[in-house]
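The structure appears below as structure tokens.
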Amino acid sequence: MTYRVQKGVVYLVGAGPGDPGLLSIKAKLILEQADVVIYDNLVNQKVLDWLKPEARSIFVGKSSGQHSIPQDEINALLVKEAQNDVSIVRLKGGDPLVFGRAGEEVDTLDNAGIHYEIVPGITAAIACAAYAGIPLSQRDISSSIIFLTGHENPEKTSLNLDFKEYAKSNATLCIYMGIGQLKRIVGELLEGGLENDTPVAIIENGTYLKQRSCFSTLGHIIEESEAMSIKAPAIIFVGDVVNSRSQYNWFEEKPLFGKKILVPRPRKQAGELSQLLENYGAEILEVPFIEIEEDYHRDTIANVFTDIASYEWIVFTSSNGVDLFFDLLDKAYKDIRSIGLSQIAVVGKATARAVRSHKLKVSLVPETANSNALADALIEYQTLDNVKILLVTGDKNSDLLYKRLQDEGRAIVDRLPLYKNVHTDLSKNENFQRFKTEGADCVLFTSSSTVHNYVAATESLDFKNGLKPKFGSIGVKTSEILRQHNLPIAFESPKANLDNFVVETLSYFRNNKEQIK
Ligand code: SAH
């Protein structure tokens with residue numbers, strides 16, 4: 001599916017309740033092309049990762065301790081940006097037209113003669129009910145559903161609706177923005193005739209990996225939600241259907257639900273591991289302790305490329321190396337055939353995938369993802385005597401492979417370093433700041449360099465008030481480095497690959513439920 005955004009048009013887009021998977025395909029396509037995105041608090045900022053690099057994002061919500069930007073200023077901003085001949089997304093949590101004040105924005109755009117389109121989103125009531133397993137309607141129990149708001153708009157603190165009227169409706173009540181008014185809402189529903197034992201559920205941060213639910217009755221919901229200190233954003237469901245909720249709490253009972261896991265890698269490399277763990281319900285803090293910076297000499301590139309077809313093997317030790325190499329090659333030759341008939345060897349599966357994404361076959365991937373295993377595999381594969389090998393690397397960790405191929409294999413090895421690892425300034429990294437105060441259930445190390453970088457950045461942390469993390473290692477090599485730094489290893493993957501590492505992480509948490517809590 002494709003969708004082409006237009007300049008000068010404002011797209012009022014629903015961002016859904018939190019889980020980025022719940023935006024519509026159209027919403028994602030529009031976000032990917034937008035020039036400007038104006039968004040509020042309830043939008044999960046992860047969806048902003050889809051923006052093109054040059055897009056501007058403007059936050060107009062309420063940040064802690066500050067008032068939100070007044071609605072007329074937001075309206076004026078929309079008009080101003082639309083006149084700049086850019087495509088604008090006005091991104092709102094849930095559905096833009098459900099308690100979202102989009103109506104006022106639409107009026108403004110109408111009056112200013114600005115074109116707009118509206119893309120609906122999944123509203124909190126629908127999404128939270130699904131993620132808590134509550135059927136909003138059910139034969140013989142409830143055949144109507146009412147969406148209500150505790151405040152008429154988020155800036156007002158007074159209650160405008162009379163909930164007594166809804167007590168007699170026999171409908172499932174879905175109450176937005178009601179937490180601050182819970183006592184009055186419950187009081188009025190009881191006064192209106194609902195029984196003390198009417199089932200109630202409150203879902204906080206629904207569809208996020210920190211979702212919590214409080215199941216109770218009208219008679220007890222106030223004390224029980226206070227005991228759990230339930231806070232906004234949360235939605236209240238009132239009605240007998242709450243008791244028909246599914247036995248299996250499919251979302252909150254995922255095996256890693258409620259676990260916070262630090263993945264000490266840059267976003268691009270952490271992506272796959274994070275995704276696998278998120279599918280099992282873990283909350284992932286990705287922290288790029290180091291970042292990759294291009295670093296190469298033009299002369300070296302020129303020399304290597306002149307003879308590129310003469311190498312029998314091209315060896316890649318990381319997916320970063322792969323991507324940079326093919327970028328440079330493309331700039332130089334605009335033709336993939338320039339590498340001739342060279343065979344390709346890589347250190348591990350992720351690097352292999354990077355090569356395959358350039359439609360090239362990988363001839364060799366060792367069982368275990370490290371330099372020694374790669375050297376073993378190459379030496380075993382064929383005699384390397386006088387064989388020309390190009391080793392595409394970063395600024396680190398290539399010595400061992402280079403020496404073994406040259407000394408043991410007696411190959412002719414040329415090195416092509418393309419990037420270096422640089423330390424990141426973490427003072428503004430939100431995930432790292434959270435890790436410093438809250439800690440995490442565990443840190444997953446996927447290479448020796450992730451251990452070194454983690455240690456350098458966290459030496460002074462004592463986790464006095466947060467969770468002291470356990471350490472998981474992807475394999476023997478990484479464990480060696482953990483031991484050198486005196487970091488206790490809670491679990492080690494039997495094979496150094498992501499799938500095995502995830503399985504090991506799952507079984508660690510399954511076997512250690514009590515100790516961790
Ligand atoms: N337009 C939004 C609603 C905005 S009003 C929508 O369609 O969902 C804000 C209220 O929505 C919050 O106070 C809360 O009651 C509800 N809400 C939004 N996101 C939520 C979430 N992830 N979990 C629980 N409630 C949520």
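Indexing begins at 1, ligand by ligand and atom by atom, following the structure's order. Along the sequence shown, residues carry numbers from 1.
- Surrounding NZ of Lys168 are more than 12 heavy atoms belonging to other residues, nucleotides or ligands, all under 6.0 Å away.
- Salt-bridge annotation for Glu430 and Arg434: absent, with no side-chain N of the basic residue lying under 4.0 Å from a carboxylate O of the acidic one.
- By the 3.5 Å distance cut-off applied to N or O atoms, Gly94 is not counted among the residues near ligand 1.
- In summary, the atoms of ligand 1 found under 4.0 Å from a heavy atom of Phe99, numbered by their order in the structure, are 4 (C), 5 (S).
- Near Pro17, meaning under 4.0 Å from one of its heavy atoms, ligand 1 places the atoms 22 (N).
- At least one heavy atom of Ala234 lies less than 4.0 angstrom from ligand 1.
- Remark: ligand 1 and Ile175 share no N or O pair separated by less than 3.5 Å (distance only, no angle test).
- Ion pairing between Lys468 and Asp462 fails under the 4.0 Å rule for side-chain N and carboxylate O.
- Numbered from 1 in the order shown, with element, the atoms of ligand 1 that lie under 4.0 Å from a heavy atom of Thr123 read 6 (C), 7 (O), 8 (O).
- Ligand-side atoms of ligand 1 in range of Ile203: 24 (C), range being under 4.0 angstrom from any heavy atom.
- Applying the 4.0 Å criterion to heavy atoms of Cys128 picks out, from ligand 1, the atoms 23 (N), 24 (C).
- Atom CD1 of residue Ile202 and atom CD1 of residue Ile236 lie 5.0 Å apart, to the nearest 0.5 angstrom.
- In this structure, Thr207 falls outside the shell of residues with a heavy atom less than 4.0 angstrom from ligand 1.
- Aromatic ring orientation, Tyr39 versus Phe59: tilted (interplanar angle from 30° to 60°).
- Here's the thing with Gly93: one of its N/O atoms is less than 3.5 angstrom from an N/O atom of ligand 1.
- Between Asn279 and Lys254, the closest heavy-atom pair is O-NZ, 3.0 Å.
- Contact annotation: for Asn205 versus ligand 1, heavy atoms closer than 4.0 Å belong to the backbone alone.
- A salt bridge links Arg56 with Glu81: the closest approach of a Lys/Arg side-chain nitrogen to an acidic carboxylate oxygen falls below 4.0 angstrom.
- Ligand 1 has no N or O atom lying under 3.5 Å from any N or O atom of Ile122, backbone or side chain.
- In this structure, of Val98, Ile179, Val43, the residue bringing a heavy atom nearest to atom 3 (C) of ligand 1 is Val98.
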Test side chain to side chain donor-acceptor pair (under 3.5 Å) applied to Gln211 and Glu204, step by step:
CA-CA 6 Å; Gln211 169 175 313; Glu204 175 196 83; over 6 Å; no

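- Which of Lys92, Arg101, Arg212, Met177 comes nearest to atom 5 (S) of ligand 1 through a heavy atom is settled by distance: it is Met177.
- For the pair Asp95 and ligand 1, the shortest N or O to N or O distance falls below 3.5 Å.
- Under the 6.0 Å distance and 45° angle rule, Lys210 counts as a cation-pi partner of Tyr208.
- Close contacts between ligand 1 and Ile235 involve ligand atoms 24 (C), 25 (N) [criterion: under 4.0 Å to a heavy atom].
- Aromatic ring centres of Phe289 and Phe432 lie closer together than 6.0 Å.
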